[in-house]
Amino acid sequence: MEESPQYFASERGDRFLDPIEPFRKEVESSITRALEEIHFVSSWNLEIPPAEIADFALPCFQFAKEMKKSPAVIATELLSKLPTMSLVSRTWTDGGYINFKIDNEKLAYITLETILKEKENYGRAERKGVEVLLEHTSVNPTGPIHVGRARNPLIGDTLARCMRLAGYDVVTEYYVNDVGKQVILLTWGVENIPPESVPKSERNKADHRLVGFYQKANEMMENDPKITDEIAEMLRRFESGDETIINKVRRTAQAILDGINQSLIDINVRIDRFVWESQFILDGSAKEVVERLKKTQYCHEEAGAYYLDLEEFGIKGRDTKFFFTRSDGTTLYTTRDLAYHLDKFKRADHVINVLGEDQKLGMTHLEAALKILGVKQAPENVFYSFVSLPEGRMSTRKGRVVTLDDLIEEAEERALEEVKKRRIDLPEEKMKAIARLIGRGAIRYNIIRIQAEKPIVFKWKEALNFEGNSAPFVQYAHARACSILRKAGEYEKIVDPYLLQDDYEKKLIRILARFPGVIKEAGEKRRIHIVPAYAHELASAFNQFYTYVPVLKGGDKTNARLTLVESSMWTLRNCLEVMGLGAPEEM
RNA sequence: GGGCGUGUGGCCUAGCAUGGAUAUGGCAGCAGCCUCCUAAGCUGCAAGUCAGGGGUUCAAAUCCCCUCACGCCCGCCA
C-alpha cells in the first residue's frame with residue numbers, strides 16, 4: 001500500500017462504520033467547493049449511475065437553466081474547478097454528467113478492515129437513543145394464523161431487526177383482541193357446542209383444535225337470532241367488568257394465542273410483549289377516552305350512541321361519522337385502540353404499527369381523534385396488502401385458508417428432500433436442522449422480498465422456491481464461504497487490495513462495502529425489501545467469485561483471498577440474520 | 001357512488017418518495033459448464049406498447065389530469 005493504514009482511520013476516531021461514507025463525503029465537499037468557486041448557489045443531487053459507468057455522478061442538467069449554458073459546458077467548467085481528491089481516482093465528463101470513480105484499492109482496504117474489525121456487528125450503526133414501539137401481528141385469537149395475515153409478523157419482525165441494526169431501540173408488541181364479538185362467539189362455541197359435532201383438527205395445537213368451534217358457532221349464529229342476543233349479553237357483561245366472563249374469554253384466547261405464538265417462534269419471530277385489549281376496559285382508560293371525547297366540539301349523539309364528526313379532518317363521503325360508543329354506552333374497538341395508543345405514546349419516542357390495508361380508514365379515524373384529544377404524536381403506519389389464494393381471499397370463518405403451520409411443515413419437508421438428495425453423508429438430525437433453516441428461511445424471504453403494499457397471490461410453487469432469488473441461494477453462498485474457511489483452518493489475515501485485482505474480487509468488494517448503507521436505508525426508510533435484493537446481489541457476486549477464482553489453490557494470493565472469503569461470510573451472515581433467516585454453515 | 005392502493009417481458013419482481021446516461025433481477029424456455037474449494041451454482045441466448053390516453057419538461061416507468069382493470073375500505077363489527 002502506498003498509504004499507511006493510519007491514513008484511513010482518521011476522520012471518525014478509528015472507526016468507519018460505513019466504508020462508502022468517506023468517499024461520498026469527499027465527492028460532495030469537492031462539488032460544493034467547485035460551485036462556491038464560480039459563486040453559484042443551488043441545491044443539487046448526487047447520483048449513483050446505472051451499471052458500471054462510474055461510482056458517483058453529478059448531472060449538470062439541473063444547473064443549465066439558471067446558468068444559461070449547456071449541461072455539457074457546465075460539466076466541463078465545473079470539472080476544471082474540482083479540487084484534487086485523495087479518495088477519487090478519476091473524474092471525467094460524459095455529456096452533461098461529471099463522473100467520479102473512487103479509488104478501488106482504498107475502498108477495498110477500508111471495507112475489508114472494517115468488516116474484519118466489526119465481524120457480526122458489520123452493518124450496525126451507532127445507537128440513536130430513540131425508543132421505538134413497533135406493534136405487529138395482533139391477529140385475532142380465534143384460530144391459527146394463516147398465510148393471508150402472515151405478512152404482518154414477517155414484515156414487522158424484519159423491520160424490527162433492521163431498525164435495531166440501524167441504531168434504534170425497538171420493542172415489539174402484539175395487541176391481543178380479547179374483547180368483542182369474535183372471541184366471545186368463540187368462547188360461547190367452546191362452551192356450548194358438543195365436541196363431536198366439530199370436525200377433528202389434524203394438528204394437536206389449541207389454535208387448530210378450537211377454530212372448528214369458532215366456525216361452527218358462526219354458522220349457528222347465522223341461522224339463530226337467539227344466539228346473537230346471547231352473544232350481545234355476554235359482551236355487555238364483559239364490558240361492565242364481569243370477571244367470570246372476562247376470565248373465561250381470556251382463557252380461551254390465551255390457549256389460541258399460545259398456539260399462534262408457537263407458529264411465530266417457528267418462523268423465528270419473537271414478540272417482546274403482549275398487550276391485552278381488555279386491560280383498557282379494566283383500568284378505565286377506555287372510558288376516560290370516551291369522557292374526554294364527549295366534551296369536544298366534534299362530538300354528537302345519535303340514539304344514545306356517541307360519534308365524532310370528522311368532516312374537518314379531510315375525511316370525505318359517508319365516512320365522516322366515527323362512532324366511539326354504542327347506544328348502550330359500551331366502547332368500540334377503535335375507542336379501546338385509542339386508549340392503547342395513548343398508553344404507547346407514554347412509553348416510547350416513536351410508535352409504528354404494521355397493519356393490513358383494511359385498517360386504513362380506521363387508522364385515519366384514530367389519528368383524527370388523537371388530534372382532537374390534543375395529542376401531538378401520531379403513529380406511523382406500515383400497511384400491507386393481503387396474501388390471497390388463486391381462488392380468492394383467505395377466511396378463517398369460511399375455513400378457506402393455508403395456515404402458516406401447513407406452510408412451515410411443507411417447506412421443511414421439501415427442504416429435507418433436497419438436503420437428502422445432496423448430503424447423504426450427514427446424520428439425520430443434522431439434515432433436519434439444516435432443512436429447518438432452509439424451509440423457514442424460504443418462507444420469510446419470499447414474503448419480505450416484495451413491497452408491503454403489493455398484493456400477493458399465494459402459489460405453493462413460488463412459496464417453496466429454493467433457487468435463484470430465494471433464501472437458500474443466499475444461505476448456500478454462506479455455506480460455501482464457511483466450507484472454504486473450514487478447509488483452510490488457521491490462516492494469516494492479509495488485507496492487501498493489490499492481491500485482489502481480479503474483476504470478480506473487485507466487484508465482490510464493492511458490494512460488501514454497500515451493506516451498512518443498505519441497512520441504514522432499510523431501517524430508517526422502512527424499506528425492508530431492499531435487504532433481500534441486496535443479499536441476492538451479494539450472494540450472486542460471491543458465487544461468481546467462487547466459480548472463477550481459486551482460493552485454497554490460489555498460490556501466494558491464498559491468504560488475501562481467504563480474508564476476502566471471511567469478509568464475505570460475515571456480511572452474508574449479517575444479511576441472513578437481519579432477515580431472520582439463519583445461516584447454515586453447511587447444506 | 002366515494003376514499004385508498006396496485007398495474008413493468010409467459011409468470012414474479014426492482015426502479016417511482018428526491019424526473020436524468022442502454023428499465024433491475026429471478027422463475028419458466030433454449031444452448032452450454034462438474035477428473036479442480038458443495039452444480040441449491042456458473043456462462044450465453046431469447047423475451048418489454050413500463051395498463052391506456054393526454055399534459056408538464058431539455059429529459060417521464062418516475063410528476064399532473066382523465067380512462068380502464070384488479071384489490072381493500074365505507075357497521076352503534078373487530
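As the structure is a prediction and not an experimental result, all values here were calculated from the model. First the proteins, then the strands, lettered A, B, ... as listed; each starts at 1. What's counted below: heavy atoms across the whole structure, side chains too, no hydrogens, waters or symmetry copies.
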For [Y], is the NZ or CZ atom of [X] found under 6.0 angstrom from the centre of its six-membered ring and inside 45 degrees of the ring axis?
{"X": "A:Arg514", "Y": "A:Tyr534", "result": "no"}
{"X": "A:Arg151", "Y": "A:Tyr384", "result": "no"}
{"X": "A:Arg393", "Y": "A:Phe386", "result": "yes"}
{"X": "A:Lys65", "Y": "A:Phe63", "result": "no"}

Please work out if [X] contacts a base, only the sugar-phosphate, or nothing of the nucleic acid, heavy-atom cut-off 4.0 Å.
{"X": "A:Ala57", "result": "base"}
{"X": "A:Asp94", "result": "base"}
{"X": "A:Pro455", "result": "sugar-phosphate"}
{"X": "A:Ile438", "result": "base"}
{"X": "A:Arg423", "result": "base"}
{"X": "A:Ser540", "result": "sugar-phosphate"}
{"X": "A:Glu537", "result": "nothing"}
{"X": "A:Ala303", "result": "base"}
{"X": "A:Phe473", "result": "sugar-phosphate"}
{"X": "A:Asp425", "result": "nothing"}
{"X": "A:Ala479", "result": "base"}
{"X": "A:Gln359", "result": "base"}
{"X": "A:Val565", "result": "nothing"}
{"X": "A:Val549", "result": "base"}

Determine: side-chain N/O of [X] to OP1/OP2 of [N], distance under 4.0 Å, yes or no.
{"X": "A:Arg336", "N": "B:rA78", "answer": "yes"}
{"X": "A:His529", "N": "B:rG15", "answer": "yes"}
{"X": "A:Lys487", "N": "B:rU38", "answer": "yes"}
{"X": "A:Arg318", "N": "B:rC73", "answer": "no"}
{"X": "A:Arg480", "N": "B:rA39", "answer": "yes"}
{"X": "A:Tyr476", "N": "B:rA40", "answer": "yes"}
{"X": "A:Lys454", "N": "B:rA14", "answer": "yes"}
{"X": "A:Arg527", "N": "B:rG15", "answer": "yes"}
{"X": "A:Gln544", "N": "B:rU43", "answer": "yes"}

Applying the Watson-Crick and G-U wobble criteria at under 3.5 Å, what pairs with [N]? Answer none if nothing qualifies.
{"N": "B:rC45", "answer": "B:rG29"}
{"N": "B:rG1", "answer": "B:rC74"}
{"N": "B:rA61", "answer": "none"}
{"N": "B:rC36", "answer": "none"}
{"N": "B:rG9", "answer": "none"}
{"N": "B:rC16", "answer": "none"}

Heavy-atom donor-acceptor pair, A:Arg393 side-chain to B:rG71 base, under 3.5 Å: no

Aromatic ring pairing A:Tyr548/A:Tyr504, orientation class (parallel under 30°, perpendicular over 60°, tilted between): parallel

[X] side-chain proximity, nearest of [options]:
{"X": "A:Asn177", "options": "B:rA78, B:rC74, B:rC76", "answer": "B:rA78"}
{"X": "A:Glu418", "options": "B:rC37, B:rC73, B:rA40", "answer": "B:rA40"}
{"X": "A:Gln451", "options": "B:rG41, B:rC4, B:rA14", "answer": "B:rA14"}
{"X": "A:Glu586", "options": "B:rU38, B:rG41, B:rA40", "answer": "B:rU38"}
{"X": "A:Leu332", "options": "B:rA39, B:rC76, B:rA17", "answer": "B:rC76"}

Give the rounded distance in Å between these two atoms: [atom1] of [X] and [atom2] of [N].
{"X": "A:Lys321", "N": "B:rC73", "atom1": "NZ", "atom2": "P", "answer": "22 Å"}
{"X": "A:Ile48", "N": "B:rU18", "atom1": "CD1", "atom2": "P", "answer": "17 Å"}
{"X": "A:Ile530", "N": "B:rU13", "atom1": "CD1", "atom2": "P", "answer": "18 Å"}
{"X": "A:Leu366", "N": "B:rC73", "atom1": "CG", "atom2": "C1'", "answer": "16 Å"}
{"X": "A:Lys421", "N": "B:rU38", "atom1": "NZ", "atom2": "C1'", "answer": "15 Å"}
{"X": "A:Met569", "N": "B:rU38", "atom1": "CE", "atom2": "C1'", "answer": "17 Å"}
{"X": "A:Leu426", "N": "B:rU38", "atom1": "CG", "atom2": "P", "answer": "13 Å"}
{"X": "A:Asn446", "N": "B:rC27", "atom1": "CG", "atom2": "P", "answer": "12 Å"}

First of A:Cys60 and A:Gln182 reached from the 5' end of RNA chain B, by closest nucleotide: A:Cys60

A:Arg422 bridged to A:Glu418 by N-O distance under 4.0 Å: yes

A:Lys420/A:Glu417 ion pair, N-O < 4.0 Å: no

Aromatic centroids of A:Phe313 and A:Tyr298 separated by under 6.0 Å: yes

CA sep, side-chain torsions, deciding dist, call: A:Met579, A:Arg444, side-chain contact (heavy atoms from CB on, under 4.5 Å): CA-CA 8 Å; A:Met579 292 188 285; A:Arg444 285 186 70 120; 5.7 Å; no

